[in-house]
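First the proteins, then the strands, lettered A, B, ... as listed; each starts at 1. These numbers come from a predicted model, not from an experiment.
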There are 2 protein chains.
Amino acid sequence: MGKHHKKLLNNLEQLRMSAGLTQEKLSESAGVSRVSINAIENGVYVPSTVLALKIARTLNCTVEEVFQLPQ
Amino acid sequence: MGKHHKKLLNNLEQLRMSAGLTQEKLSESAGVSRVSINAIENGVYVPSTVLALKIARTLNCTVEEVFQLPQ
DNA sequence: TAATGATGTAAAGTATACTTTACAATAGTT
DNA sequence: AACTATTGTAAAGTATACTTTACATCATTA
C-alpha cells in the first residue's frame with residue numbers, strides 16, 4: 001500500500017539478524033533511537049551518511065552492501 | 001574559527017578534481033544544487049545516504065572512500 | 001495466563017539537509 | 001581592462017531526519 005519512499009533500498013533486516021542484533025542493540029551501537037533504526041529499516045526515511053557509516057561499521061559491511069540506490 | 005562540524009570527514013575536493021569535475025558538474029551528476037555540493041565539500045553539513053551514494057558513484061569510489069567517521 | 005522481549009507505528013517537537021537567489025573573490029582569458 | 005569560469009558564502013524558506021513518549025501486537029516462556 002503506497003508504503004514508503006523508493007529513494008533508497010536496504011538489506012538491513014537481513015544483515016542485522018545475521019549479526020544477531022536486535023533493532024535496539026543496533027540503535028545503541030549506532031547512537032540513535034530504536035525508532036530511527038526501525039524507520040530506516042522499513043524505508044520510512046533515508047539516514048544521514050554518518051548514520052549509514054555507523055550502521056555499516058556495526059554490521060561489518062560497506063555502506064553499499066547495506067544501502068542501494070534503486071534500479 | 002569554529003569552522004564547521006566534525007561529524008564527518010571527506011576527500012571530496014581531491015577525488016572530484018582527480019575525476020576532472022567542477023562542483024557544478026558533480027552537482028548535476030548527483031542531482032543536487034552546486035551550493036549543496038560546496039557545503040558538503042566544506043563540511044558545512046552531512047549529506048543524506050542517497051546523496052553520498054550518488055557522489056561516490058559519480059567518482060567511481062565507495063562511500064567509505066569519500067566519507068569517513070572521525071577518529 | 002501473566003510476563004517479557006522484539007517490533008510496528010503515531011504524534012508532536014527540534015535539528016538539520018537542501019533549495020534558490022544573489023553577490024563577492026580569485027584566476028585565467030582575450 | 002573587461003570577460004568567463006570556478007568557488008565561497010549568506011539569507012530565507014521548505015523538506016525531512018531524528019527525538020521522546022506512548023501504546024499495540026505477536027511470540028515465547030514462567
task: Identify whether B:Leu8 and B:Val44 are in the same connected component of the hydrophobic contact network (ILVMFWY, side-chain heavy atoms under 4.5 Å).
output: yes
Minimum-distance nucleotide to A:Asn38 side chain [options: C:dG8, C:dT19, D:dC18]: C:dG8
query: To the side chain of A:Asn42, which of C:dT19, C:dG8, C:dC18 is closest?
result: C:dG8
message: Which nucleotide wins on minimum distance to the side chain of A:Arg16, given the candidates D:dT19, C:dT7, C:dC18?
response: C:dT7
task: Using atom CD of B:Gln23 as one end and atom C1' of D:dG8 as the other, report the distance to the nearest whole Å.
output: 8 Å
Could you go through nucleotides 23-30 of chain D and list every protein N or O atom that sits under 3.5 Å from one of its N or O atoms, giving the distance for each pair?
none

query: Between D:dT19 atom P and A:Glu28 atom CD, what is the distance in whole Å?
result: 13 Å
- prompt: Do other residues, nucleotides or ligands put more than 12 heavy atoms under 6.0 Å from B:Glu65 CD?
  reply: yes
task: Write down the distance between CD1 (B:Ile37) and P (D:dT7), rounded to a whole number of angstrom.
output: 11 Å
statement: Regarding the side chain of B:Lys7, the nearest nucleotide among C:dT16, D:dT21, D:dG8 is C:dT16
- prompt: Which whole-number value in Å describes the distance from B:Leu51 CG to D:dA15 P?
  reply: 18 Å
task: Without swapping roles, check the side chain of A:Arg34 against the backbone of A:Ser27 for a donor-acceptor pair under 3.5 Å.
output: no
task: Please determine if a side-chain N or O atom of A:Ser33 lies less than 4.0 Å away from the OP1 or OP2 oxygen of D:dC18.
output: no
Least distance between heavy atoms, A:Thr49 atom then B:Val46 atom: N-CG1, 3.9 Å
- prompt: Any idea which heavy atoms bring B:Val63 and A:Glu64 closest together, and the distance?
  reply: N-OE2, 2.9 Å
- prompt: Same hydrophobic cluster for B:Leu59 and B:Leu9, using side-chain heavy-atom links shorter than 4.5 Å among ILVMFWY?
  reply: no
- prompt: Just how far, in rounded Å, is P of C:dT21 from CD of B:Glu24?
  reply: 13 Å
- prompt: When you check the phosphate oxygens OP1 and OP2 of D:dA17, does a side-chain N or O of A:Ser48 lie under 4.0 Å from one of them?
  reply: no
query: C:dA17 C1' sits how many Å from B:Glu41 CD, rounded?
result: 17 Å
field: Closest to side chain of A:Val35, choosing from D:dA17, C:dG8, D:dT20
entry: D:dT20
field: Polar side chain donor-acceptor pair, B:Gln68 to B:Asn11, under 3.5 angstrom
entry: yes
message: Measure CG/A:Leu26 against C1'/C:dT7 and give the value in whole Å, please.
response: 14 Å
query: Which whole-number value in Å describes the distance from A:Leu21 CG to C:dG5 P?
result: 17 Å
- request: Pick base, sugar-phosphate or nothing for B:Thr22, based on heavy-atom distances below 4.0 Å to the nucleic acid.
  value: sugar-phosphate
